[in-house]
Number of protein chains: 2
Amino acid sequence: MDRYVELLRKKGLKVTPQRLEILRYLDKNRIHPNIERIYSDLKKGHPSLSKTTVYNVIDDLSRADLLQILTIDRFEILCDFKAEPHHHFLCKECHKVYDLDGDFSCHLLEKIRSEGFQVDEVHGYFKGTCRSCSKGKKEE
Amino acid sequence: MDRYVELLRKKGLKVTPQRLEILRYLDKNRIHPNIERIYSDLKKGHPSLSKTTVYNVIDDLSRADLLQILTIDRFEILCDFKAEPHHHFLCKECHKVYDLDGDFSCHLLEKIRSEGFQVDEVHGYFKGTCRSCSKGKKEE
DNA sequence: TCCAAGTTTATAATGGTTACAAGATTATAA
DNA sequence: TTATAATCTTGTAACCATTATAAACTTGGA
């Protein structure tokens, strides 16, 4: 059975072509697209797609924990297929968002857990200048 | 000299009553208010205050690094007076945002720094159930 | 005190997001 | 299969937070 069909079934979501397309798109395109980007990219191969549907599906998938909504930039909402837990780096020069693999267990997390907080989600993001942009600057 | 006057001067911002009031408000009220909350609270003692001004001032202060804009919840933008570096915990039950003191140095951060990323800002937040709400559940 | 630069204000415009309702599709069970 | 209820998709319209604008006012420095 299709991997994405399975994902939706597991979460008790009805399997529709729109949900499958968006899931597949997010999995194959790890570019942290915003709603507009998803809509315009998928509209090409599926002209009847409505932007309302993109909003609805993103909302459903996010609630089902199949994707993460990132709010790194103040008003820009980005979507990220939820595979392994990972964090993010936003380059303030080129505005690229990097995925950072690797857990980040840290003192703070251990501390609040020991204090009785039940932590379900750990979000971390760093901002600065990425390797490529740092190099570029030195050469100027 | 007034502490807030000094903060503004240091950053090269003109000292206006509106900026002072908002700075003082954020410093004295560590409640992570949104724009609407700041506006309605300050409007009481300063009826001519315009919401546009709140937007402008928050924008100026944030650019001057005197406050932090939090985007923990998808669409809720919260303002946080920038004192010591700290992180946040959002309780999904009571929707309270806790300030977490303490650094969160972690392997991931060290790793990307060693790879040539220049990290200026470290943002971390956790979501889950806070101590009080966890206790409440057990008693049910 | 005067002036230029910057700030505040009210109003209007913008545009991303949501509400709605009709029609289509899906899952389930007979 | 076919019927049925529940759910989903779509386009349109409405909403409302944020931004643009321009006039009046304030600030900081000469």
Side-chain angles (χ1 to χ4, degrees), chain A residues 1-2 4-25 32-64 66-67 69-79, chain B residues 1-2 4-25 32-64 66-67 69-79:
Chain A
M1 199 202 321
D2 187 281
Y4 305 107
V5 171
E6 205 173 355
L7 281 174
L8 291 172
R9 290 252 168 89
K10 258 188 206 158
K11 298 293 185 171
L13 292 172
K14 284 196 176 176
V15 177
T16 69
Q18 292 83 352
R19 286 176 174 171
L20 287 174
E21 266 203 71
I22 291 177
L23 255 189
R24 182 175 302 113
Y25 172 85
H32 311 96
N34 59 18
I35 296 279
E36 182 57 37
R37 179 73 192 270
I38 298 170
Y39 173 67
S40 63
D41 280 358
L42 294 181
K43 185 89 176 169
K44 292 168 196 162
H46 181 159
S48 78
L49 183 68
S50 156
K51 197 182 268 185
T52 304
T53 300
V54 179
Y55 277 103
N56 289 339
V57 171
I58 291 301
D59 209 45
D60 298 335
L61 297 180
S62 142
R63 258 202 282 268
L66 291 173
L67 66 86
I69 305 276
L70 306 180
T71 48
I72 296 177
D73 242 350
R74 193 160 150 201
F75 297 111
E76 191 68 286
I77 288 146
L78 308 164
C79 301
Chain B
M1 196 202 321
D2 186 282
Y4 305 106
V5 172
E6 203 172 355
L7 280 174
L8 291 173
R9 290 251 167 90
K10 260 191 205 158
K11 299 291 185 173
L13 292 172
K14 284 194 175 175
V15 177
T16 69
Q18 291 84 350
R19 286 175 173 169
L20 287 173
E21 266 203 70
I22 291 176
L23 255 188
R24 181 176 302 114
Y25 172 85
H32 311 96
N34 59 18
I35 297 280
E36 182 57 37
R37 178 72 192 270
I38 299 170
Y39 173 67
S40 65
D41 281 358
L42 294 182
K43 184 90 177 169
K44 294 166 194 162
H46 181 161
S48 78
L49 182 68
S50 156
K51 196 182 271 186
T52 306
T53 300
V54 180
Y55 277 103
N56 288 339
V57 171
I58 292 301
D59 208 46
D60 297 336
L61 298 180
S62 142
R63 259 201 283 268
L66 291 171
L67 66 85
I69 306 275
L70 306 180
T71 48
I72 296 177
D73 241 351
R74 192 158 152 204
F75 298 111
E76 193 66 286
I77 287 144
L78 308 162
C79 302

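Note that the structure is a prediction, hence the values are computed from the model and not measured. Reminder, nothing fancy here: chain letters follow the sequence lines and each chain counts from 1.
Atom P of nucleotide C/dG16 and atom CG of A/Asp59 are separated by 18 Å, given to the nearest angstrom. Nucleotide C/dT9 holds its C1' atom 16 Å from the CG atom of B/Leu42, rounded to whole Å. The distance between atom CD1 of A/Ile69 and atom C1' of C/dT17, rounded to the nearest whole Å, is 13 Å. As rounded to whole Å, 13 Å separates atom P of D/dC16 from atom OH of B/Tyr55. If you measure from atom CG of B/Leu8 to atom C1' of C/dG6, you get 14 Å, rounded to the nearest angstrom. Rounded to whole Å, atom C1' of D/dC15 lies 15 Å from atom CD of B/Glu36. For the pair B/Ile58 CD1 and C/dT7 P, the computed distance is 15 Å after rounding to whole Å. Here the P atom of nucleotide C/dG16 and the CD1 atom of A/Ile38 are 15 Å apart, to the nearest Å.
Residue A/Leu7 holds its CG atom at 11.0 Å from CG of A/Leu67, rounded to the nearest 0.5 Å. Rounding to the nearest 0.5 Å gives a distance of 12.5 Å between CG of B/Leu42 and NZ of B/Lys51.
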Inset, instruction - Can you check each nucleotide of nucleotides 3-10 of chain D against protein heavy atoms at under 4.0 Å and return B for base, S for sugar-phosphate only, - for none, in 5' to 3' order? - result: ---BSSSB

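One finds no salt bridge joining A/Asp60 and A/Lys11 here, because no Lys/Arg side-chain nitrogen approaches an Asp/Glu carboxylate oxygen to under 4.0 Å.
For A/Gln18, there are no side-chain hydrogen bond (donor to acceptor under 3.5 Å, both in side chains) partners two or more places apart in sequence or in a different chain.
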Inset, instruction - Apply the test side-chain contact (heavy atoms from CB on, under 4.5 Å) to residues B/Val57 and B/Glu21: give CA-CA distance (whole Å), side-chain angles for both, the deciding distance (0.1 Å), then the verdict. - result: CA-CA 10 Å; B/Val57 171; B/Glu21 266 203 70; over 6 Å; no

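Counting heavy atoms from C-beta outward, B/Arg37 and B/Asp41 have side chains that approach closer than 4.5 Å.
Pair assignment for C/dA10 gives D/dT21, based on Watson-Crick or G-U wobble hydrogen-bonding distances that are each under 3.5 Å.
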